Each structure stands twice: as C-alpha cells, then as structure tokens.
Protein chains: 2
Amino acid sequence: MSKKIFGIDLGGTSIKLSVVSIEGEIIDKWSVPTDIKEDGQHIIPDLIRAIEDKMAENSWTNEDILGIGMGSPGFVDREKGTVSGAYNLAWVEEQPVAEQIRNHFNADWPILIENDANVAALGEQWKGAGDHADNVVLVTLGTGVGGGVIVNDQLVVGQGAAGEIGHMYAKEDGRKCTCGQHGCLETVASASGIVWTAGELAYTMDDTGSAIQGRIFNGEPVTSEDLFKAAQAGDRFAEAVVDETMGHLGRALGQVAAVTNPQYILIGGGVANAGQYLLDKVTDHFHKSVYPGVGRTTSIRLATLGNDAGVYGAASLVMKNV
Amino acid sequence: MSKKIFGIDLGGTSIKLSVVSIEGEIIDKWSVPTDIKEDGQHIIPDLIRAIEDKMAENSWTNEDILGIGMGSPGFVDREKGTVSGAYNLAWVEEQPVAEQIRNHFNADWPILIENDANVAALGEQWKGAGDHADNVVLVTLGTGVGGGVIVNDQLVVGQGAAGEIGHMYAKEDGRKCTCGQHGCLETVASASGIVWTAGELAYTMDDTGSAIQGRIFNGEPVTSEDLFKAAQAGDRFAEAVVDETMGHLGRALGQVAAVTNPQYILIGGGVANAGQYLLDKVTDHFHKSVYPGVGRTTSIRLATLGNDAGVYGAASLVMKNV
C-alpha cells in the first residue's frame, strides 16, 4: 500500500486535517475544534487523537505514514519544529509541537511546520489558482495582510521572515502598524485598513450624499464588505475608498513582481470575496506602475481554495521534502 | 587534468574573460576590447578568438572544457542562447550567440547566457560580499539601477524579468523613466537620477550658500560624485540631496527585503564608491520602514568585486549547472 501524508492547518477556531497519497490525491479531509483553554495545552493532544483515530479507522501503522506537514500561525522555528507567539492559539511561549507528536507516536516521520501564509501559498500553487506554476505569490487580505512567495517551485523563507508582504511600506505618512512601523500595506489593504481609510475619507471628501458616508457621519459601523458592495453599486464615496485601497495594493504588487516576476500573483482572504470587481480594480492599478516587461508576464488572479489552501499546502510540504 | 570553465562578461567597452577550475579556483583573467563597429558583428568572432588563443596557449582540447558562462546586457533568451536589444554592443536584432560559439568549436559544452546584472549578483555571492549566503540581493547604482536576486542559492529569473529593482515604483509624482512608467527607483537612485534631484532641490530649497547649489544656479555641470563628496564635507544642500536619494533607496530595499528576506543586500555600481557614508545613510533609511523581523535579519553591505563581479558570476553559471 502506498504511504499517506497528514496535512494539518492549525487555526484559532478549528484544526483542519487532510490525508493525501504520495501520488498527490486527497483521500480524506475533516476538522476538529481548536480548544484554546488553559494556554492552548489541549491543542496538540487533540491533534494527536485526531491522527490516531484516523489511523485506527484505516488500520494504518506508523509505517504507512510518510510524514506530517503543518501550517501554523505565530512564529515558526522550522529547525526545532516549534511555534511561539501564536496568540489566537493562546500559545505565547515556545511550544515543542513536532517533538510532542514524534514522542507520542514514537515514529521517525518528518514533521514539517511552516508559517500558515506560506503553507496557503503552497496549497494554491498545487491545487488552486497557482496551476502548478514554478513562480507564484499569494497575498491574503483579511484581518491582516499575509503573503507567501514561491520561486523555482520552492517556498521562499529567506532568513525566516520572507513573504511579509503585509509589512511592505505602502503609504506616505500612513497609520501606525501592529509591527511598529508606519504605512505598511496591512494598514491600508486589510479589512480594518479599508474601514479606516473610509473613516478618513468621509471627513476629507465633500458630502457626496452617499448612504455609507452618512452612516460613518452617524457613527454607525461599516465593514469592508459594505464598502465594496456600495462601490459596485456606484456609490461615489465607496468608489473613492476602494480606489485608494486598490491603488496602494496595485503598487505594492508591482513592487513584489519586480523582485520575483512570478507567473501568478493570487489574491485571497475575506476581502477578496469582492471577486472580479476587486480583481479588475487592482489589475488596473498594478499596470499603472509596474515595469512593462514584468506587467506583460505576471498576471493577477483570485485564489480559489479559500480555507482549504492551508490543509493542501501543509501536505505538500512533505511531498516537496521527499 | 580537471576541466576548466570560461566565464565571460560582455560589456560595451571590453569583453572580460576568466578561466575557472571546477574546484572554483580562478586560474586566469584577462580582457579584450569590444569592437562594436558594423552592428557589433565582430564581437563574437573576437570572443571566439580569445577562447581559442587561451586553449592553444595551454594545449587544451574541447574535452578539457566543461562549459561557458556568459553575462550580457540587453534581453537574454536563456533557452535559445540569444541576445537582443543590447544597444551598447550595437546588437539591436537577436544574435545567436551560443549557436555561433558552439558551431565554431563543434563542441557539446553547455553555453549559458544570463542577464549581466544577475551574473554580477552570482559573482558577489560566490567571491565577494555575498559570502556564499543562500539568499543575496545585489543592487547596482550606476548609469541605471540594476538588480539580481538569489534565493535558496538559485538565481531568481521568474518569467524572465525578475530582479528589475531599478523599476520598482519609488517616488510619488516622480519623473518619467526610460521604461515608460513614472517614479521608478532608477529615476531617483541612478547617477543621473541623483543629479536630477539636485537640479530640482536647488530651486525648491532656499539658497543655503552651498557652493554646489551655486554651481547649479550658474548652469555648471555637477556629478553624483560631487554631490556625495560635498555632503560628506557638510554641505547642507548636498546633504539634502543625498538624504532624499537614500530615503527612496532605503525604502525600496525594505520592500525587496520584505519579499525575500535575504541575508545580505549588496550595493554596487559607480554611485556606491561613496562607500561607508552611503552605506550608513541607506541603512538608516532602510530601518525606518522595514518590517522589524526582516530588518533584524537582513543586512546591507557594499559590494566588493567592482567590475570583476560579472566574470566570476558568469563562470559560476556553469558550476551551478553541473
């Protein structure tokens, strides 16, 4: 029987798991809730039980398993197989994730842990909009802005922090970012960044008669989704907000593309649910500043796997390691 | 006898050549003038003669040669081994460089041609300030601004135009670039870009009493070297010019580092002759906008090989191919 790979995506609300054959076929996919009580000390035991149950269900022994790939939030030490500073898992101190799993199963499987944004890029490259291209970048626009960069069919890790596209300098005199700098892409192109821009523009633009601008004047909450919907419906104020956001994003993607000239830049995350409208806008802005030779060869696409990108990418860590 | 590699750097004034052993030792290094007369049709025959003479001098036969690596200006088609649009070689149309050499020697050597900026990055990685690191970026500040990016010990080529750091968007409302876009890094950080900035600032700053500002008022020519020298000597106007230039450069390098997080970013080219003064300035500005986790792990250095970077990097193309 051919060997199996476990692909695992550790998230703040659920742990997603997959079983993948060495031929790259997805055999199984399920999830268990993430229990972050007591400093997240239940997470790895719960994960171990999920693997154990699946092995028992299929009568697999250690020898049937080729390895485990895992995506995690926080800071991942690839060499040691540890994770720290993953606040949505309640993991503040360094957690010996690989060691705990390895000791439990007493197996010599490779257990490869990688940053979740990087793993999502691998997933999209393999099973999503990346179409098996050797050179792919994924940018996720959600609560924050994440990134993963693939060059020559390999993940770019650099000195440990490559792919931090959300922290590229993007806006002159921009807002303070969680990282301590000012004007990072994340401060303008994340869901909250877009809402922040709306709050600023509401008071610097004339009253356009826009309903959404009116809601801001009244102190009512507005989401990035509201803004994209209103912009698509022709609301002038919302269009201005989207235009400013996509201007910063398009320029940043042009800068990324000048460095690695990927075949595809994929845009994922909740904000990308705005779909084709967002894609058209950002592509327009991308071409306004990108080097023409790069603009002709790099295209921007929407990511297609959504929340499944991580679990596929995690399995592919082991496949690339074989 | 162990096999030899020819490393060749095609330039507008000279063709530089090296012979390197497969152990990576430089055995010989010389150059011949570039004859660009008659649409550059003498260049390849001259190059062939230089190789032939060296082989005869050492009684080497085809079997003693492992391959030829070459750096060239213009657009390089790596698959076909051709070069086009290399205006300083007077090569406008596509030149079948590899084929001409291969046919002449009737040899089955690999003949690998690569963009000259990329080849310089390989040279600095191997024998210069790159110190054999797996992740290195070279930025050359000269007539233009060039770049080469190495990730996981491999050159980043992307869809053919990776490493175009000179054409990253750098300045809001910036000047038109030769590439057709506006505000590219090259328009501010090349030798002529710096002089241009001086011309602008001369008329927007108050008269500082600066001698160099006075020369601009009088319509006298000023070079980027003059400006760096004056700035180091404490000329306030020249300091402002250098500060604006290094601000744009430092930010752009922060953006590059966010993508690939290299161990070293190396700065070469004529402008980098300003040395430690330039390095300190750009490093200061780099840290003002770079993501802290990247700033801690990527350091900026001066390139050390000067014009020799290309000839070493060209030979390393063959070594990496083995």
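Reminder, nothing fancy here: chain letters follow the sequence lines and each chain counts from 1. Note that the structure is a prediction, hence the values are computed from the model and not measured.
- At a 4.5 Å heavy-atom cutoff, the contact between A:Leu155 and chain B is made by backbone atoms alone.
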May I have a table of the donor-acceptor pairs connecting chain B and chain A at distances under 3.5 Å?
from     : atom 1 : to       : atom 2 : distance (Å)
B:Asn152 : ND2    : A:Gln154 : OE1    : 2.9
B:Asn152 : ND2    : A:Leu155 : O      : 3.4
B:Gln154 : OE1    : A:Asn152 : ND2    : 2.9
B:Leu155 : O      : A:Asn152 : ND2    : 3.4
B:Gln159 : N      : A:Asn261 : O      : 2.9
B:Gln159 : N      : A:Asn261 : OD1    : 3.1
B:Gly160 : N      : A:Asn261 : OD1    : 3.2
B:Ala161 : N      : A:Asn261 : OD1    : 2.7
B:Gly163 : N      : A:Ala258 : O      : 3.1
B:Gly163 : N      : A:Val259 : O      : 3.0
B:Glu164 : N      : A:Ala258 : O      : 3.0
B:Tyr169 : O      : A:Gln255 : NE2    : 2.8
B:Tyr169 : OH     : A:Arg251 : NH1    : 3.3
B:Gln181 : NE2    : A:His287 : O      : 3.0
B:Gln181 : NE2    : A:Val290 : O      : 2.6
B:Arg251 : NH1    : A:Tyr169 : OH     : 3.3
B:Gln255 : OE1    : A:Gln255 : NE2    : 3.3
B:Gln255 : NE2    : A:Tyr169 : O      : 2.7
B:Gln255 : NE2    : A:Gln255 : OE1    : 3.4
B:Ala258 : O      : A:Gly163 : N      : 3.1
B:Ala258 : O      : A:Glu164 : N      : 3.0
B:Val259 : O      : A:Gly163 : N      : 3.0
B:Asn261 : O      : A:Gln159 : N      : 2.9
B:Asn261 : OD1    : A:Gln159 : N      : 3.1
B:Asn261 : OD1    : A:Gly160 : N      : 3.2
B:Asn261 : OD1    : A:Ala161 : N      : 2.7
B:His287 : O      : A:Gln181 : NE2    : 3.0
B:Val290 : O      : A:Gln181 : NE2    : 2.6

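- Here the closest non-hydrogen pair linking B:Cys179 and A:Pro292 is O-CG, 3.3 Å.
- No other option in B:Val156, B:Val294, B:Val259, B:Ile165 has as many heavy-atom pairs under 4.5 Å with chain A as B:Val259.
- Interface summary for chain A: among B:Gly163, B:Ala162, B:Cys184, the most heavy-atom pairs under 4.5 angstrom belong to B:Ala162.
- Heavy-atom distances place both the backbone and the side chain of A:Val256 under 4.5 Å from chain B.
- Contact count against chain A (heavy-atom pairs under 4.5 Å) is highest for B:Val290 among B:Val151, B:Val290, B:Val157.
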